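What follows is one structure encoded as structure tokens, with my remarks underneath.
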Amino acid sequence: MRHVVGLGEGRGGAGGGGASFSGFLSPAKVEHSTLGESPAMKRARVAATGPKAEFFDDAGLDDGDVALAGKVGSLNGELLAEFESLLAFYASKKTEPWRERQYRKIVAVLKNLPFRITCLEDLNRPQCAVLNGGHTRTRVEEFLRRGKIQLAQNLQNDPRTVAISMLMNFGVQGGKGKYGSYVGTSTAEKWYDSGITTLPQLQHRIESDPTFLTHNQRVMWDFRSDFSQRVPRREVELIADVIAGVFPSSSVVEVMGSYSRGAPDCGDIDLLVTCHGDVGRRCSEAVEALTKAQFITATLRDSHHAPGAHSGQWMGGCRLASLVPARPGFADYTLHRRLDIKVYPPKFRAFAQLYFGSGQEFNRAIRLFATRQGYTLSDQGLRRATRGKNEKGEYGTLWEGPLLEDPSGCNWTTEASIFEFLGLPFIPLEDRDNGIGVARLEAMARAQATKPAAEEDCFIVPTDPRSVVAAANLQRLAPLPSLAEGWRSNGIVALDCEFVGVGRNTSGIGGERNALARASVVSYSGDVLLDTFVKVEEPVTDFRIHVTGLTQANLDQGISFQEARDHVIRLLEGRVVVGHSLAHDFKVLNYHPPAVLLRDTSSCPHLRPGDKGKSLKALSEQHLGVKIQDGTHCSVEDARAALYLYRSVQDLWDPTPPVLGTSAKAEALDKHLTEAAENMAAPVATGHNEPLAQHFDRLAARSHHYAKDHYVRVSRTLRSLPYHLQSPKDLLRPELRCVGRGKAHADIVRMLHEGVNEVNKGA
DNA sequence: GGGCGGTACTG
DNA sequence: CAGTACC
DNA sequence: GCCC
């Protein structure tokens, strides 16, 4: 049930005009969103019940665990204390933020774990995943054996750590979470190194030097006592009503954060305001009115946005009792409270709800998930995006598309639509701050991860760059032979596409997703119907140049994906399509002809694979006696090879309709095969940058796993590059993006300067 | 080897 | 730009 | 720190 608290209700019988501060606007409505859910959310939640139940089974939760869920804190108290010491140590120095984050996750898990860890096997339960890595598992083992972790014992009384933690928290002993004092590790270290090590020293320094603290630090220092107190639900509601009073009546004010998850009290008040018009201006107007009324007692962050900004936001302190002359009922609410207000236009409401209603780790996890799928997700919508190293070597967003529309046409009105779009089950609010939601997202990510393809499985075949260039000169779209020639010449076509890698580039074949880079369609006679390069809108992270021969320049002269797809579909529609591993092509083309029209040479019962497997290369050699992918080669030749394979067994494989004519003459086939063999006989030009490539071959030989993959990728790329690398500036070319910015990059730079031999001598 | 969230303020 | 904050 |  949705509970809407109108403002009149909130005010009680104050009669007449209420407070002067709200005079210029009629009040917005407050939605206590947690107390209800939209029908769509409910649908999504119900729909998610199946997978969720399954997850819980996997998680190994039993009834006892569930019963304990309410009072878990102390179940692993001693172990928790050990890891808190480790966390405090790494949190006090800014050198290893990732290690710190990992410890933060470990501590969060131990705080919420509904059972006590008594043996190493407990770590295999899914909730303990963060405790079950290489390092942490050893620490837990030590704890189980000796009742303590030596490193933690050594660190927990480290005076520097203790002092820096104190400085970062202004000495506030808040048992929960961290106090947003605006003093981070850098400032605290600086203070510590300048001799401030105790609270009295800090206090003295602050009082004697009015410029010692920044504005925000001063606010948090002044209110440190009040702000560390919890806010009861009732007070949260009253504050929300006050805020609603200064927004237009068409606005919606929602209380987010822990209140929305039903907590009896909150650390601060998070309000999400949705309103039409200029959100920045609405926010400023509201803040102005509240300041004039003295309800706002401090400001930490204020967006005086340019008109048309995405969102308005304000952070600071407030106090109900400050309204007392006008609102006598507030007299008892004397404490100052931390208040965050964010104002969004309606189109961002669902994204803002997702952000504001979830915990930090959940937000990070779902945004990471979106990134892996080729999107970027924020509180301001969803876009296609690619992350990677830019040309300056900084890691970041390489490319970002426009805001995406909700495919259901509903303009992203619900959080459920976002989950659905990403292919995720709806994860309810209560699981977005307890580790369960994060674990589910990680499980989904693992299930969705693209498995690195073996070279043979890859539909990309070795290609000589020069043949690609030559093919580009072919007529892009030749006319179809007339229908009078019968179905064999116009009812059957062969397709082959080439792909480059986009997205992350850290494992397996380069790039985590495929993007169409070249599309070729040939007729039954082997004539080129379509052969074109295709622009890739995302930045290419790996050209797989040793396979595709493609460079950025090739793609730049291509046509758009839409255009290419339209051409391909026009040529394929209603015809039998021959190809090798067609599923790959159709997946990227997002086009799925009926299976009865497909003839895939990789799964033909009459083309038995021999010793060398069932790659196009192997089948061509075995059944056609033609060596392909050994010399000059391009996707036109691949399409032809598949086509001729099909034709060589056509009467066996495809004896029934849609057969309309007679079998092709053997001479015709021979002629084509001969021509194809001739075309394919030209030598491949390799050996560019050979010394550099060999350096990485050596590195690959003595590396393992992911490092090895990386070096192999670099080596192949260097060797297949159609130009010589001469200066480090050449490394900025898109084809060399897959080199990265780490050791491989550094080695190449050094070799260009000092020569390959010198570098190898050093190694 | 290399990534690990996205946004936006202050100073 | 670095530092810090919000979830 | 963990994970791909």
Side-chain angles (χ1 to χ4, degrees), chain A residues 83 86-87 90 94 96-106 129-137 139 168 178-188 190 214-217 220 256-258 260 268 270 272 299-305 309-315 338 340-342 351-372 376-381 383 385 387-389 395-397 432-433 442 445-446 449-452 504-508 512 699-700 703-711 713-714 739-745:
Chain A
F83 278 108
L86 290 167
L87 169 60
Y90 289 110
K94 56 180 189 288
E96 296 180 90
W98 296 112
R99 184 171 285 181
E100 177 197 342
R101 180 186 169 198
Q102 209 60 34
Y103 277 117
R104 208 172 282 288
K105 289 166 89 169
I106 289 165
V130 278
L131 294 160
N132 208 12
H135 196 146
T136 309
R137 191 181 161 90
R139 297 269 185 246
M168 289 171 69
K178 103 181 212 291
Y179 183 74
S181 63
Y182 291 87
V183 178
T185 49
S186 288
T187 309
K190 221 173 354 180
T214 67
H215 173 262
N216 284 1
Q217 288 163 351
M220 296 311 288
M256 308 302 288
S258 51
S260 72
D268 66 356
D270 303 310
L272 164 57
T299 290
L300 292 164
R301 173 188 292 192
D302 193 0
S303 59
H304 11 269
H305 265 111
H310 293 306
S311 72
Q313 61 175 297
W314 178 89
M315 287 166 42
R338 273 284 287 108
D340 293 347
I341 302 173
K342 286 200 128 207
F351 295 98
Q353 286 173 322
L354 182 61
Y355 159 70
F356 236 3
S358 310
Q360 171 176 227
E361 288 304 325
F362 185 87
N363 276 330
R364 295 172 83 135
I366 195 168
R367 289 171 186 204
L368 181 62
F369 185 91
T371 300
R372 294 264 191 279
T376 176
L377 170 67
S378 77
D379 58 340
Q380 290 157 36
R383 303 162 184 272
R387 292 177 62 74
K389 293 279 198 331
Y395 194 86
T397 303
R432 295 191 214 159
D433 198 34
E442 285 173 358
R446 230 164 282 136
T450 45
K451 290 162 198 92
R504 203 168 55 134
N505 216 359
T506 56
S507 66
E512 62 184 342
L699 283 182
S703 308
H704 300 285
H705 306 300
Y706 297 97
K708 188 191 189 86
D709 286 351
H710 186 65
Y711 289 137
R713 189 152 57 226
V714 172
V739 169
R741 280 274 155 170
K743 179 172 162 51
H745 187 275

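Convention: sequence-line order gives letters A, B, ...; per-chain numbering from 1. Predicted model, so just to flag it, every value in this text is computed and none were measured.
- Of the listed nucleotides (C:dT4, B:dT10, B:dG5), B:dG5 has the atom at the smallest distance from the side chain of A:Gln360.
- The shortest distance between the side-chain N/O atoms of A:Ser358 and the OP1/OP2 oxygens of C:dC7 is not below 4.0 Å.
- One atom, CZ of A:Arg137, and another, P of D:dC3, lie 12 Å apart when rounded to the nearest Å.
- Summarising the geometry, the separation between NE2 on A:His705 and P on B:dG3 is reported as 19 Å, rounded to the nearest angstrom.
- A:Ser703 comes within 4.0 angstrom of nothing in the nucleic acid, heavy atoms only.
- With D:dG1, B:dG2, C:dC7 as the candidates, the nucleotide lying closest to the side chain of A:Asp268 is C:dC7.
- Rounded to whole Å, atom C1' of C:dC6 lies 12 Å from atom CE of A:Met220.
- Phosphate contact (OP1/OP2 of D:dC4, side-chain N/O of A:Arg446, threshold under 4.0 Å): present.
- At the heavy-atom level, A:Glu100 lies nowhere under 4.0 Å from the strands shown.
- Taking only side-chain nitrogens and oxygens, A:Thr214 never comes nearer than 4.0 Å to OP1 or OP2 of B:dT10.
- Among the nucleotides B:dG5, B:dG6, C:dA5, the one closest to any side-chain atom of A:Ser378 is B:dG6.
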Item to check | Derivation and outcome, side-chain contact (heavy atoms from CB on, under 4.5 Å), residues A:Ile366 and A:Leu354 | outcome: CA-CA 10 Å; A:Ile366 195 168; A:Leu354 182 61; 4.2 Å; yes
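- Dashed line: the shortest gap from a side-chain N or O of A:Ser303 to OP1 or OP2 of B:dA8 is not under 4.0 Å.
- Counting non-hydrogen atoms under 4.0 angstrom, A:Arg383 reaches nothing in the nucleic acid.
- Backbone-only contact: A:Arg338 has heavy atoms under 4.0 Å from sugar-phosphate atoms and none from a base.
- A:His215 comes within contact range of the sugar-phosphate backbone alone, with a heavy-atom separation under 4.0 Å but no base atom that close.
- When the side-chain nitrogen and oxygen atoms of A:Thr371 are compared with OP1 and OP2 of B:dG6, one or more of them lie within a distance under 4.0 Å.
- Nucleic acid contact for A:Asp270: sugar-phosphate only, since backbone atoms but no base atoms lie under 4.0 Å from a heavy atom of the residue.
- If you take atom P in B:dT7 and the same atom in D:dG1, they sit 31 Å apart, rounded to whole Å.
- At the phosphate of C:dT4, OP1 or OP2 sits under 4.0 Å from a side-chain N or O atom of A:Thr187.
- Put simply, A:Ser311 has no side-chain N or O that comes within less than 4.0 Å of OP1 or OP2 on B:dT7.
- Between A:Tyr706 and D:dC4, a base-stacking contact is recorded: ring centres under 5.5 Å apart, planes less than 30° from parallel.
- The OH-C1' distance, from A:Tyr103 to D:dC2, rounds to 12 Å in whole Å.
- The OH-P distance, from A:Tyr355 to C:dA5, rounds to 13 Å in whole Å.
- Each of A:Tyr355, A:Phe351, A:Phe369 was scored for a side chain to side chain contact (heavy atoms under 4.5 Å, CB included) with A:Leu377, with one residue passing: A:Phe351.
- In this structure, A:His704 places its NE2 atom 13 Å from C1' of B:dG1, rounding to the nearest Å.
- For A:Gln353, no side-chain nitrogen or oxygen approaches OP1 or OP2 of C:dC7 to under 4.0 Å.
- Once the 5.5 Å centre distance and the 30° plane angle are applied, the aromatic ring of A:Trp98 is found stacked with the base of B:dC4.
- Distance CG (A:Asp340) to P (C:dT4): 18 Å, rounded to an integer number of Å.
- With rounding to whole Å, A:Gln313 atom CD is found 12 Å from B:dG6 atom C1'.
- Distances shown here put every side-chain N or O of A:His135 at or beyond 4.0 Å from the OP1 or OP2 atom of D:dC2.
- An OP1 or OP2 oxygen of B:dG5 is reached within less than 4.0 angstrom by no side-chain nitrogen or oxygen of A:Arg367.
- Annotation: side chain to side chain contact (heavy atoms under 4.5 Å, CB included) contacts of A:Arg99 (sequence neighbours excluded): A:Tyr90, A:Glu96, A:Tyr103.
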Item to check | Verdict with reasoning, A:Arg301 to A:Trp314, per side-chain contact (heavy atoms from CB on, under 4.5 Å) | outcome: CA-CA 5 Å; A:Arg301 173 188 292 192; A:Trp314 178 89; over 6 Å; no
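- Among the heavy atoms of the strands lying under 4.0 Å from A:Leu377 are primed sugar atoms or P, OP1, OP2 only; no base atom is included.
- The existence of a salt bridge linking A:Glu361 and A:Arg101 is confirmed by a sub-4.0 Å separation between a basic side-chain nitrogen and an acidic carboxylate oxygen.
- A distance-only check finds no donor-acceptor pair linking the side chain of A:His310 to the backbone of A:Asp379 [under 3.5 Å].
- For A:Thr136 (side chain) and A:Asn132 (main-chain N/O), no donor-acceptor pair under 3.5 Å exists by modelled atom type.
- Using a cutoff of 4.0 Å between basic side-chain nitrogens and carboxylate oxygens, A:Asp340 and A:Arg338 are scored as salt-bridged.
- For the pair A:Arg301 and A:Arg101, nearest-nucleotide mapping onto DNA chain B gives the more 5' position to A:Arg101.
- Within the nucleic acid shown, A:Gly357 has no heavy atom closer than 4.0 Å to any nucleic acid atom.
- A:Tyr711 comes within contact range of the sugar-phosphate backbone alone, with a heavy-atom separation under 4.0 Å but no base atom that close.
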